[in-house]
S.K.: 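Here it is: the structure, laid out below.
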Amino acid sequence: MSPPSAAIHRLLSFLSPPPSHEAPTEQIPDTPPPDSLTAEADDCDYGGKLEALRHREYPQLYNASSVLATAFLDHAGSTLYAASYVRAQAEEMLTTIPANPHSNHPGSQWTRDKIEQVRDRLLGFFGTTSRDYALVFTANATAAIRLAGELTPMSKGGTFCYTSSAHTSVVGLRGIAAELGAAVRPAEFGDLDDIIRPEHTNGVSLVAYPAQCNFSGERFPWDVADKVVRRFPANADASGGKGDDTHPPWWVLVDAAAYASSSPLNLGALHTGPDFVAVSMYKIFGAPTGVGALLVRRSSIPFLRSKRFFGGGTVNMISYDHMWQEFRAEIEARLEDGTVNFQAIASLRHALDAHARNFGSMARVKQHASNITRYAVSSLKSLSHDNGRPLCTIYGHCGAEFGPTVALNLRDTNGGYIGHIEVERLAVMSGIAMRTGRFCNPGAARRWLDLTTPDLIRYASLGYTCGDDNDIIAGKPVGAIRISFGAMTSREDIDRFVAFLVRHFHNYAGLQESANPNTLNSAPVATRIDKCANPGRPLSTGLQVTVDQVVIYPIKSCHGWSVPSDTPWEITPSGLRYDRSFVIMRENSTIPMQQKRYPRMALIRPCIADRQLVLNAPDHESLVISLDPAQLCLETTQSMVCGSRMQTYRVLSNEISTWLTSVLCVECYLACDPRLLLLLASDEHLSPTPPSSPTDSQLNPRPDIAKRSDMSFANESQILLVTLESAQRVSDWIAEEQDTDDSTAAVGKPFGPLQYRPNIVVKSASHGTRHAREIMPFEELKWTGVAIGNSHFQVSGPCRRCQMIAIDQDSAQSLKEPYSTLARKMRVDGKVVFGVYLDIVEEATGFTRKASASFIQPGMLLDVSL
């Protein structure tokens, strides 16, 4: 290779580590971990060297002032990559030409050499050699597991057995097994001894299990393959030196993706190793992604099932018009279809170098991770409310061996569960990276969360799905919190997490409500109303409030538009007219874009004037969109809102799509609700003057249609109402805590009611008004109904809030407040709430096209039912 040019040297200078004025850091020696408890505690940070290592190799954890910005506790998902790896890889990419290894020029030869070097080094890293195992590169651990299933010669009468702690990727092999005629048998790990007995074995079978459960961290022995060989002595053993040249009827697959991230495999130390071992590189080294590996025991290779599919590079010769091909002799070349991820694989040399330089060996990593885990579990178990109830329910970590993964749920002072979704949202705002859910492990979720198959089928029939916002159903958690640790985790990370739990959840009593949405208003209001505001005053049987603001959101998740105070605004069957009548969609997606994922949507400010929708955004010209259906070019499409499919119309306009794409920096387009067109087409039948009283209109009930069809693109209800008094109370809470919360964003910035994205803001009516009095903060949670002109609404429940209310609607910047404070103060059934939903009462409202319409405007009095 030619020497790098001066220009490249200049580029490399930017990748060099910044000069340090500190004494040179010492490499962590590869010495055995100390035995004493005191020394073991000291080794929790590699003898005092971890802090300097973290600053040098993992600067992404810190802010510009070298203060910890992120407590990263999701190493089971992916660990962190080292800065020295990034620099070495970048320098190599700038000074060499890695090329497709299937070619023959120098760049290709360099790539082939590096791939084989990495293959050999990884075999050594996993405690074996190429004599005993072949290492086949795959796209990830899941691809390795699938390949193992496809290569296993399962037969009719055989069994595919997987344990209850298996990842979904292992469970997914049951489809392959069923196609081959094998029975599918889930089992507990402790039952394997009996299952693999000769008297219980028929046909060629596969047993698959994880070395470490990715849900709870529970670890399992590596001796299953050895038990198989000992129970079938007539078959060849692992070395192929005995037996009758056949493979035992049981094949063994070990999913080591979670285990290998923090523990040495040492396959060579096993008397008989598994037939297959699946691993993932980024879980061990942090990078590169897109590379996994399947280790295949050499003695098992002659008995592998023939490939069904093969790709380029796997054959010596092939005929295009006859069913004939000759595969390559080397198992690696035969199984690695197409061109492997050669740049990423070659970069693993630098990942291995950085890992060895920083940590010495996986034995030291295991010792460190074990110490950190003990410290974390001890810290979490010590947390309790003042009434003695534990704050944390930890799943596992008693009795059996567990790795550096802790699954838990939080409980309030009454013993009720706190939803993990709310915990995660607050954690993100507090600079803590963790994971929540069921972690793609259905068997572990069944065991630890008591989620039975009938439960899951019932939940699915009700529209619940993995990854949605439903974390507690009928009082039972359907997911958990998972924190996991790696080679560079420190006690500071654990302390940050524990402090976060204490700040937000210690002594939290919860605003307990019935899980039945039909009885949300049955609990005593004293449990929900701020007791600081007029304590002890009973609620009256009727109340009048004043409309302070009316806000519509013509485009879902964009900025709101406040209706002018002198303008009556129509109430339609689906809510306020034009509210959430449009959505922005990404190409090839059926889910409307949302501000919590695309904060720049807050910068799009719509307004409505003269039958036109006008969009404004910083550094962009105004965009005018006609609301006359005759002027819109539309195409039918589909969208999904809250799990419900809706027919939608795409607005076919390059100008609109280009404008939205420019503002949001993602390719997207505008779509509308088809009912918007129906409303527009019948404008001439609607009265422009609000009626004087509900009796002025002829109330004809609407057809009984599903609630989803009444709601336009709104998430859960037609109208969201908040009170000025409740918003002010949250602002007061924030102001009270700003002196003690050094991370509070936007200090001094008031958070008014519009921060909560309401449709209607109400406030206390003047005292001269009938049934007027001061509204108590949060008493709207007890209201049962609201009358607005001709329209009668029932209060269907509190509005569950997400981190979207912590996005500054002027700058699109993510803040901590008001969500952080609200989450500590206002929860119902473990969920953060603010404001209430209003749904039109069908029997009391008529929306015939020739009837007088209902209108609302600021200053109007509303009647509230209590």
Side-chain angles (χ1 to χ4, degrees), residues 41 44-46 48-83 217 261-262 282-283 286 358-359 365 368-383 391-392 394 397 403-410 418 420-437 439 480-506 740-745 803 806 814-817 819-820 823-824:
C44 194
D45 64 352
Y46 301 100
K49 300 177 178 66
L50 180 59
E51 183 66 17
L53 171 67
R54 278 162 57 98
H55 280 274
R56 182 180 72 251
E57 285 282 43
Y58 306 98
Q60 60 267 44
L61 292 173
Y62 301 91
N63 61 21
S65 302
S66 295
V67 175
L68 183 66
T70 301
F72 189 83
L73 299 173
D74 189 25
H75 292 267
S78 63
T79 196
L80 301 174
Y81 51 80
S261 64
S262 59
Y282 70 83
K283 290 185 183 291
N358 292 329
F359 308 114
V365 171
H368 168 74
S370 297
N371 293 340
I372 284 288
T373 303
R374 281 192 290 272
Y375 179 72
V377 171
S378 175
S379 299
L380 293 172
K381 287 184 176 180
S382 71
L383 298 179
L391 175 62
C392 303
I394 298 175
H397 288 274
T405 295
V406 180
L408 67 148
N409 266 309
L410 304 185
I418 299 173
H420 63 262
I421 296 294
E422 313 299 348
V423 178
E424 183 176 37
R425 289 169 177 169
L426 280 171
V428 169
M429 295 179 181
S430 301
I432 296 172
M434 61 184 193
R435 187 166 174 180
T436 64
F439 322 121
I481 300 161
R482 187 185 72 185
I483 56 174
S484 50
F485 322 120
M488 68 294 298
T489 303
S490 76
R491 291 191 179 194
E492 183 180 9
D493 299 322
I494 307 302
D495 293 341
R496 169 79 71 88
F497 180 69
V498 171
F500 158 76
L501 296 183
V502 171
R503 171 172 173 73
H504 290 278
F505 305 103
H506 177 246
T740 58
D741 184 4
D742 58 6
S743 61
T744 298
Q803 64 269 35
S814 295
L815 311 173
K816 285 185 62 178
E817 301 294 357
Y819 183 84
S820 180
R824 292 196 301 276

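For the numbers below, each heavy atom of this structure counts, side chains included, while hydrogens, waters and symmetry mates do not.
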S.K.: Check for a donor-acceptor pair, side chain of Thr489 on one end and backbone N or O of Gly486 on the other, with a separation under 3.5 Å.
M.R.: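 Side chain of Thr489 to backbone of Gly486: a pair is present.
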
S.K.: Examine distances only and state if a side-chain atom of Ser382 and a backbone atom of Ser379 form a donor-acceptor pair shorter than 3.5 Å.
M.R.: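 Yes; at least one donor-acceptor contact below 3.5 Å.
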
S.K.: Testing the basics here: between Asn358 and Ala82, what is the closest heavy-atom pair and its distance to 0.1 Å?
M.R.: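 Result for this residue pair: ND2-CB, 3.9 Å.
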
S.K.: Using atom types as modelled and distance alone, determine if a side-chain donor or acceptor of Lys283 lies under 3.5 Å from a backbone N or O of Ala76.
M.R.: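 A pair under 3.5 Å: yes.
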
S.K.: Closest approach of Gly77 and Tyr282, non-hydrogen atoms and distance?
M.R.: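 Minimum heavy-atom separation between Gly77 and Tyr282: O-CE1, 3.1 Å.
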
S.K.: Which pair of non-hydrogen atoms, one from Leu501 and one from Leu410, has the smallest distance, and what is that distance?
M.R.: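 That closest heavy-atom pairing would be CD2-CD1, 3.7 Å.
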
S.K.: Can you name the nearest heavy-atom pair linking Gln803 to Met429, along with the distance?
M.R.: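 For Gln803 and Met429, the tightest heavy-atom pair comes out as CB-CE, 3.3 Å.
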
S.K.: Between Asp495 and Tyr375, is a side-chain contact (heavy atoms from CB on, under 4.5 Å) present by the stated rule, with each step listed?
M.R.: CA-CA 10 Å; Asp495 293 341; Tyr375 179 72; 2.6 Å; yes

S.K.: Looking only at non-hydrogen atoms, find the nearest pair between Ile481 and Phe439 and report the distance.
M.R.: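 In terms of heavy atoms, the two residues are closest at C-CZ, 4.1 Å.
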
S.K.: Quick check for you: to the nearest 0.5 Å, what is the distance between Thr436 atom OG1 and Arg425 atom CZ?
M.R.: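 Rounded to the nearest 0.5 Å, the OG1-CZ separation comes out at 9.5 Å.
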
S.K.: Once rounded to the nearest 0.5 Å, what's the spacing between atom NE2 of His75 and atom CZ of Arg435?
M.R.: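 Reported value, rounded in 0.5 Å steps: 14.5 Å.
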
S.K.: Calculate, to the nearest 0.5 Å, the distance between atoms CD1 and CZ belonging to Ile483 and Phe497 respectively.
M.R.: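 The CZ atom of Phe497 is 4.5 Å from CD1 of Ile483, to the nearest 0.5 Å.
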
S.K.: Pair Tyr81, Gln60 - check side-chain contact (heavy atoms from CB on, under 4.5 Å), show working.
M.R.: CA-CA 10 Å; Tyr81 51 80; Gln60 60 267 44; 3.8 Å; yes

S.K.: Under a 3.5 Å distance rule, please check whether Thr373 uses its side chain to pair with a backbone N or O of Ala369 as donor and acceptor.
M.R.: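 Judged by distance alone, yes, a pair lies under 3.5 Å.
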
S.K.: Do Arg54 side-chain atoms and Met488 backbone N/O form a donor-acceptor pair below 3.5 Å?
M.R.: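 Confirmed, Arg54 side chain pairs with Met488 backbone.
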
S.K.: With distance as the sole test, does Ser490 use its side chain to make a donor-acceptor pair with the main-chain N or O of Glu492 at under 3.5 Å?
M.R.: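 Flag set: sc Ser490 to bb Glu492 pair under 3.5 Å.
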
S.K.: Apply side-chain contact (heavy atoms from CB on, under 4.5 Å) to Leu383 and His506, showing your working.
M.R.: CA-CA 8 Å; Leu383 298 179; His506 177 246; over 6 Å; no

S.K.: Would the distance check show the side chain of His397 and the main-chain N or O of Ala407 forming a donor-acceptor pair, the cut-off being under 3.5 Å?
M.R.: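 Checking the backbone N and O of Ala407 against the side chain of His397, no donor-acceptor pair under 3.5 Å is found.
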
S.K.: Could you give the distance from CE (Met434) to CG (Asp493), rounded to the nearest 0.5 Å?
M.R.: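 Taking CE in Met434 and CG in Asp493, the distance rounds to 13.5 Å.
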
S.K.: Please check this pair: side chain of Arg496 against backbone of Leu68, looking for a donor-acceptor N/O pair closer than 3.5 Å.
M.R.: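 Present.
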
S.K.: Under the side-chain contact (heavy atoms from CB on, under 4.5 Å) criterion, do Ser484 and Val406 qualify, and how do the steps go?
M.R.: CA-CA 6 Å; Ser484 50; Val406 180; over 6 Å; no

S.K.: Quickly, which of Leu50, Ile494, Asp45 forms a side chain to side chain contact (heavy atoms under 4.5 Å, CB included) with Ile372? Name it, please.
M.R.: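 When side chain to side chain contact (heavy atoms under 4.5 Å, CB included) is applied between Ile372 and each of Leu50, Ile494, Asp45, only Ile494 qualifies.
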
S.K.: Classify the angle between the aromatic ring planes of Tyr46 and Phe359 as parallel (below 30°), tilted (30 to 60°) or perpendicular (above 60°).
M.R.: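 Tilted.
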
S.K.: If every non-hydrogen atom of Tyr819 is compared with every non-hydrogen atom of Ala806, which pair is closest and at what distance?
M.R.: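 Nearest heavy atoms, Tyr819 then Ala806: CB-CB, 4.0 Å.
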
S.K.: Within this structure, what is the OG1-OH distance for the pair Thr70 and Tyr62, rounded to the nearest 0.5 Å?
M.R.: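 Nearest 0.5 Å value for the OG1-OH distance: 10.5 Å.
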
S.K.: When rounded to the nearest 0.5 angstrom, what is the spacing between CZ in Arg482 and CD in Glu424?
M.R.: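 Output value for this atom pair is 11.0 Å.
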
S.K.: What orientation do His504 and Phe500 show, parallel under 30°, tilted 30 to 60°, or perpendicular over 60°?
M.R.: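 Plane angle between 30° and 60°, so tilted.
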
S.K.: Counting distance only, does the side-chain N/O of Ser430 pair as donor-acceptor with the main-chain N or O of Leu426 below 3.5 Å?
M.R.: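 Such a contact is found between Ser430 side chain and Leu426 backbone.
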
